[in-house]
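Fair warning: this is a prediction, and the values are worked out from it, not measured in the lab.
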Amino acid sequence: MIKRFKKIIVAIFILIAIFICSSFCWMYFSTKPYTKVINMNWDIGLPGDGAKDIFSYSEPSPHGDGIRYHVIDYPIGNESKRILNSVFQLEKIFNVTKQPTDNQISCVEELLRKINIKNDVIPDWKRCRLVYQKQNDNSEIFLFYDSETGTLYVVESFL
């Protein structure tokens, strides 16, 4: 009888430990900055330190397809070492890029019209530099970086 009681107690402790560990894992993965998601999906290593997601839109889809739009702010003017390092990393990524073409801007504006994004979270595209990638399944990412404000605009289209 005592052995059975001990087994029940041990099983309860194991279940509690599993519940606590899974809760921490869920919290970690559900609260990670969107920069990590971009790295996982596109292999683009954006800095996460100091990044603040100031606008986020993802279409609800059971298959993960659709359009996503995020505005991520890196507070330029903040002279902390973390922010300066993040801005330096961004400048390295976008230093070799060019301004978007009119066709790229038209494509992005059409995507944003489909999801009814308001103009107050859309930048002046011509002030930004662009990183563009397309995957084999025709999914696309447009990363627009405004170095004057330290703001990154992310437009993704998953098919």
Side-chain angles (χ1 to χ4, degrees), residues 19 21-159:
F19 176 75
C21 288
S22 62
S23 296
F24 280 121
C25 288
W26 177 80
M27 284 176 23
Y28 173 76
F29 288 111
S30 67
T31 60
K32 62 185 168 192
Y34 201 70
T35 55
K36 288 186 180 183
V37 175
I38 292 169
N39 192 18
M40 288 180 351
N41 289 340
W42 299 95
D43 199 29
I44 299 173
L46 296 172
D49 283 346
K52 182 180 174 189
D53 203 355
I54 57 175
F55 181 84
S56 179
Y57 175 86
S58 293
E59 282 185 342
S61 169
H63 304 292
D65 55 349
I67 300 169
R68 297 179 188 162
Y69 182 60
H70 294 265
V71 180
I72 302 169
D73 184 44
Y74 292 88
I76 288 185
N78 179 339
E79 300 302 321
S80 72
K81 190 173 185 174
R82 281 182 28 208
I83 299 299
L84 290 175
N85 187 38
S86 292
V87 170
F88 175 74
Q89 289 176 24
L90 282 171
E91 291 294 331
K92 271 181 27 180
I93 293 169
F94 286 92
N95 199 23
V96 295
T97 62
K98 297 179 181 176
Q99 288 184 321
T101 65
D102 289 336
N103 287 341
Q104 291 168 325
I105 291 171
S106 295
C107 178
V108 168
E109 287 177 340
E110 179 62 30
L111 290 171
L112 296 180
R113 266 193 297 278
K114 287 180 183 179
I115 58 174
N116 295 321
I117 298 298
K118 295 183 178 162
N119 287 337
D120 61 340
V121 290
I122 296 176
D124 177 2
W125 304 114
K126 292 292 186 179
R127 285 183 29 186
C128 298
R129 288 178 281 168
L130 173 68
V131 168
Y132 170 79
Q133 283 187 12
K134 187 172 188 175
Q135 295 179 339
N136 292 337
D137 65 354
N138 290 324
S139 296
E140 299 175 294
I141 186 169
F142 299 85
L143 295 169
F144 294 90
Y145 178 61
D146 185 339
S147 61
E148 291 177 24
T149 62
T151 308
L152 181 68
Y153 302 86
V154 182
V155 181
E156 295 173 284
S157 175
F158 291 98
L159 303 175

Just checking, any donor-acceptor pair under 3.5 angstrom between side chains of S139 and D137?
-> yes
Measuring from Y34:OH to N39:CG, what's the distance to the nearest 0.5 Å?
-> 12.0 Å
Flag, side chain of S86 to backbone of P47, donor-acceptor distance under 3.5 Å | no
Of all heavy-atom pairs linking Y69 and I122, the shortest is OH-CA, 3.8 Å
Closest approach of N95 and R129, non-hydrogen atoms and distance?
-> CA-NH1, 3.6 Å
Heavy-atom pair with the smallest gap, counting every atom of P100 and K126 = O-NZ, 3.8 Å
Residue of the set V108, V154, D124 for which side chain to side chain contact (heavy atoms under 4.5 Å, CB included) holds with F144 = V108
Out of curiosity, L152 CG to D53 CG, how far, rounded to the nearest 0.5 Å?
-> 10.0 Å
Quick one: CD on E91 to OH on Y74, what's the gap to the nearest 0.5 Å?
-> 12.0 Å
Could you tell me whether the side chain of Y145 reaches within less than 4.5 Å of the side chain of I93, counting heavy atoms only?
-> no
With a 4.5 Å limit on heavy-atom distance, are the side chains of L90 and L46 in contact?
-> yes
The reported gap from CG in L111 to CD1 in I117 (rounded to nearest 0.5 angstrom) is 10.5 Å
Can you tell me how far OG1 of T35 sits from CD of Q89, rounded to the nearest 0.5 angstrom?
-> 10.0 Å
Considering all heavy atoms, the nearest Q104-T101 contact = OE1-N, 2.9 Å
Looking at V71 and V121, what are the two nearest heavy atoms and their distance?
-> CG2-O, 3.8 Å
Indicate yes or no: at least one non-hydrogen side-chain atom of R68 is less than 4.5 angstrom from one of N41.
-> yes
With a 6.0 Å cut-off on ring centres, are W42 and F158 close enough?
-> yes
Kindly give the heavy-atom pair with the smallest separation between F94 and L143, and that separation in Å.
-> CE2-O, 3.4 Å
Spacing of NE2 belonging to H70 relative to OH belonging to Y57, to within rounding of 0.5 Å | 10.5 Å
